[in-house]
Amino acid sequence: MRIAYVFLGAFLAIAQSAYAEVASPPVLAPLKRQAQAAELSAQFLSRYSYKAVPLDDALSARIMDGFIKSLDPDRMLFLQADIDRFMSDRNEIDDAIERKDLKIPFAIFNAYEQRVVDRMNYARSLLKQGFDFSAQENYSVLRDKAPWPQSEAESNELWRKRVKSDWLRLKLGGKNDAAIRETLDKRYENTLERAYKFKSDDVFQSFMDAYSTSIDPHTDYFGAAASADFNVSMKLSLFGIGAVLQERDDYTTIRELVPGGPAQLSGKLAVGDRITGVGQGKDGTIKEVVGTRLDEVVQMIRGKKDSVVRLDILPADAGADGTHRVISLVRDKISLDKQAARKTVLSVKAGDATRKIGIITLPVFYEDFEAKGKGDKDYKSASRDVAKLLDELKQEKVDSVLIDLRNNGGGSLDEAIDLTGLFIGNGPVVQQRGSNGKIEVKSAEFAEPVWTGPMGVLINRGSASASEIFAAAIQDYGRGVIVGEPSFGKGTVQTVVDLDQIVRNSKPEFGELKVTIAQFFRVNGGTTQLHGVTPDISLPGLSDPTAFGETSYDNALPWAEIKPANYARADTVATLLPTLQSRHDARVGSDPDLQRLLKDIADLKAQREKGVISLNEAERRKEATAREKRFKDRAEAGDGEDLGDDGLEAGERSLSADIAIENARKNAKDVLLDEAAAILADEADLQQGVLKAATKQTGKTDGK
C-alpha cells in the first residue's frame, strides 16, 4: 500500500503543469465526521444489506469507477493521464475507508475541480474567435464509453467542437454573434463559479453515492441536506415561507409562490423578486446571500413553525442599484400539493356512448411517517387522498377510473398496499423475501373496495418500485387493464437507517443510509425485478431502455420466481383484451396525433443510434426546416405550438419566458393519456355490454 503523501504529490504535479495560468479553486479536505460516517456505513452495508457485499478490492474498484463516472460521465474533463493516476489507487479505497482515510476521493475531486476550471477558461477563450460552419464536421453527443483525451491538445479539439456546437444551436435559434458570445461566456462563467463553491460535504456525498450504489443500484447515502430533501418528498410538507426559488445570475429569485403560504398571503413578494439577504428572528443580523449557493439560501429560509425570517428584497423590476426593502415573514407548514394526488375527468366516445373517465394522477407514494407514528389522524397519505378522490368521482358518476403512475418512482410500500386495497378490498398484494430467505405475504385489509367499477393503470419506464407493486397486483388479480410502456424493473425494498441513532449520537453528524433489505415478488410468484410490469396494451414511449431502467445497471439483482400467493383472479379483463387491442390498433392507424408521436419516437431513436450531430450550418438548417414544418402542421391541426430550440439552457431566458415555456409544455396535448382514457372507455363499454348480456340471460333462465 502506498503512503498518502506520494498519492497527493502526484496531483500536485498535475496542478502545476496543467493549470499554471489558472487560479485554482480551494483545495477541499475530508472532515473527521465524514471518515467516521464512511467507516460506519461500511460496517452496516457489509453485514445487513439484502445482498451483503464485502468491502474488498473488487468493491473498491467498482467504487472508484463509479466515482469517476459521476464526476465526468461524458469523459470531457479528465485526461487519460489523470485516469491512469487514479487507477493506481483503484484497489486501495477499501483499506482507506477501514482506517478512516478519505484522501483518495478528495484528491480526485480536487483534480476534477481543476479540470473544470481549466476547460471553462479554455471554452471562454474560444469565444474570441468565430467558427467556420461550412466545414463538414461532426460532434459526438454520446461519449460515456469514448476514450478519455490522450493529451491537452486532444482535449482542446474536443472542447472546440463542444463550443462550436453550443454556438451553432444559438445561431440556429436566431441569435447574432454578439448575443451568442455574451450568452456562452455567461454560461461557462457560471459553470466556472460553481467549481469554486464546492464544499467538503459535496465531495463526501458524491463519494458515498458511488460507494452505496456499488452495493446495488438502490442503496443510497443521505447527508444532512439529502436527508432533509428525502423527508420533505415523503411528507409533502415543510416549514418555511412557501416560495419556489431559483438561482439566476447569482441572485436567489422567486420562481413561484405557493398558494396559501406565508409569502403569498403577505402580499409582500412577487415572482421575479430577488432575495439579497436573510436574517433570523425579529432582530437577527441580515446576512448577504448574493452569490451564495441556492441550497444554502433555502436552508437559511426554512426553519421552525411560527419562527420569524427576515428577507432583504430587490424587487423584480429594479436594477442592480435599485431600492431594497426588508420584509418579515412567519414560517408555517407548507403543503407541496403539486406532488399530491389530483383528479380530472375526461369525456370519451366509446361505441355509441360517451363515457366519463376519472383520471387520478399520483406523482409519488407519499406518507408522513413521523406524523403517523405520533398518532396524527390527519397525516399525509397517498392512499387516503386517492380514497377521497374516488368518493368524489363516484359522486360525479364516472364510468371508469384511470390511475396515472407515469414517472412515479415509488415511495412507501404500505401506501402501495393500501392503494391496491382501494380496488380489491382484502387480499395479498405483494410477497417479500428477506436476506434470510424468509417470505412474508403482505395484504390489503379493507372490508370492501372503495371502487368496484372498471379501472386501469397507466405506466411508463419511469414507473418504479411501489408503482410496480400496485400495477402488478392489479394485473395479477385481473382487476384492471395495464396500459403504457414496460415499467422500470425495480423489484427491491429499502429502509432508511439513521447512523447517528445506531451509535447513539446526540447530534446529527453521520447521516442516513437507504439500504436494500428485501426483494418483492408479485402475488403470481414472479418479480418485477429487471422485467418490470409488461402492459396489457402497449403505448409508445420516448425513453431509451438501454440507458434508463433496471436493465441499465450492471449490478442489478437477477430476476427470480417463488410460489404464488393464495389469491382469487378474475378473468374479466383477459376476456376483453382482444377487443380492446383491436380497437386500440384501429385508433393508432387513424389518429394523426398518435402517428406524429410515433414519428417523433422514430426520429429520436435514430438520433440516439447515430450518436453524433453535424456542425455544418447548411445541414442543420435543413434539419431545422423539416422540423419546423412538422411543428407548423401540428399547430394548424390544433396540436399545440412550436416551442422550437432556441439553444438556451434553463435560467438563460427571462423568467417570464421560462415560465411561459413550462406552462406551454404542461398544457400541451397529452396524446398517451387521451389514448389510455379511450382504452378505459372501451373497457367500460364492453363490461357494460357483458353485464347487460348476463342480466338478460339470467332473466330468461328465471322465466322458465
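Quick caveat, the model's predicted, so the values are computed rather than measured.
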**OP:** I would like to know whether K343 and E396 meet salt bridge (Lys or Arg N to Asp or Glu O under 4.0 Å); could you show each step before the answer?
**Re:** CA-CA 12 Å; K343 71 174 175 67; E396 297 179 55; 2.8 Å; yes
**OP:** Specify whether F204 and Y221 have parallel, tilted or perpendicular ring planes, treating 30° as the upper limit for parallel and 60° as the lower limit for perpendicular.
**Re:**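 Ring orientation, 0 to 90° scale: perpendicular.
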For [X] and [Y], which I'm curious about, is there any donor-acceptor pair between the side chains at under 3.5 Å?
X    : Y    : value
E193 : T191 : no
D201 : Q34  : yes
E288 : T276 : no
Q395 : D391 : no
E468 : S463 : no
S347 : K356 : no
R342 : T361 : no
Q264 : K268 : no

Original post:
salt bridge (Lys or Arg N to Asp or Glu O under 4.0 Å) between R331 and D306: does it pass, once the steps are laid out?
Top reply: CA-CA 5 Å; R331 297 179 177 104; D306 297 328; over 6 Å; no
Is there a side-chain contact between [X] and [Y], using heavy atoms and a 4.5 Å cut-off?
X    : Y    : result
E512 : L499 : no
L71  : F207 : no
F239 : R302 : no
I334 : P262 : yes
V483 : P535 : no
M455 : L402 : no
I286 : V278 : no
V345 : L393 : yes

Subject >> Cation-aromatic face contact R384/Y379, 6.0 Å, 45 degrees >> reply: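 Geometry flag: set, cation within 6.0 Å and 45°.
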Original post:
Is it the case that R124 places NZ or CZ above or below the six-membered ring of Y188, under 6.0 angstrom from the centre and within 45 degrees of the axis?
Top reply: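 Pair R124/Y188 does not count as cation-pi.
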Flag if over 12 foreign heavy atoms under 6.0 Å of [atom1], [X]:
X    : atom1 : result
K287 : NZ    : no
D283 : CG    : no
Q299 : CD    : yes

Original post:
Counting N and O atoms only, with roles assigned by atom type, does the side chain of D273 sit under 3.5 Å from a partner on the main chain of A316, one being a donor and the other an acceptor?
Top reply: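 Yes; at least one donor-acceptor contact below 3.5 Å.
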**OP:** Carefully, step by step, assess H324 and I313 under the rule side chain to side chain contact (heavy atoms under 4.5 Å, CB included).
**Re:** CA-CA 5 Å; H324 292 233; I313 301 297; over 6 Å; no
Original post:
So K374 and D376, salt bridge (Lys or Arg N to Asp or Glu O under 4.0 Å) or not? Walk me through it.
Top reply: CA-CA 6 Å; K374 291 179 178 178; D376 184 346; over 6 Å; no
**OP:** Quick one: do V533 and I482 satisfy side chain to side chain contact (heavy atoms under 4.5 Å, CB included)? Show the steps, please.
**Re:** CA-CA 9 Å; V533 177; I482 311 301; 4.3 Å; yes
Subject >> Contact summary for Q339 and Y366, nearest pair of heavy atoms >> reply: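 Q339 and Y366 have their closest heavy atoms at O-CE2, 3.6 Å.
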Subject >> Shortest non-hydrogen contact between A195 and P25, atoms and distance >> reply: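 Where A195 meets P25 most closely, the heavy atoms are O-CB, 3.9 Å.
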Salt bridge between [X] and [Y], side-chain N to carboxylate O under 4.0 Å?
X    : Y    : answer
E367 : K380 : no
K304 : D332 : no
D500 : K507 : no
K666 : E662 : yes

**OP:** Under the side chain to side chain contact (heavy atoms under 4.5 Å, CB included) rule, what do I275 and D312 come out as? Steps first, then yes or no, please.
**Re:** CA-CA 6 Å; I275 300 172; D312 188 327; over 6 Å; no
**OP:** For salt bridge (Lys or Arg N to Asp or Glu O under 4.0 Å), just list the numbers for D202 and K199, CA-CA rounded to whole Å, side-chain angles, deciding distance to a tenth of an Å, and then say yes or no.
**Re:** CA-CA 5 Å; D202 299 317; K199 296 192 173 181; over 6 Å; no
**OP:** With E652 as reference, evaluate R187, R248, K186 under the salt bridge (charged side-chain N to carboxylate O under 4.0 Å, His left out) test and give the passing residue.
**Re:**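 Only match with E652 under salt bridge (charged side-chain N to carboxylate O under 4.0 Å, His left out): R187.
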Original post:
What do the steps show when you test T213 against T219 for side chain to side chain contact (heavy atoms under 4.5 Å, CB included), and what is the final call?
Top reply: CA-CA 6 Å; T213 54; T219 291; over 6 Å; no
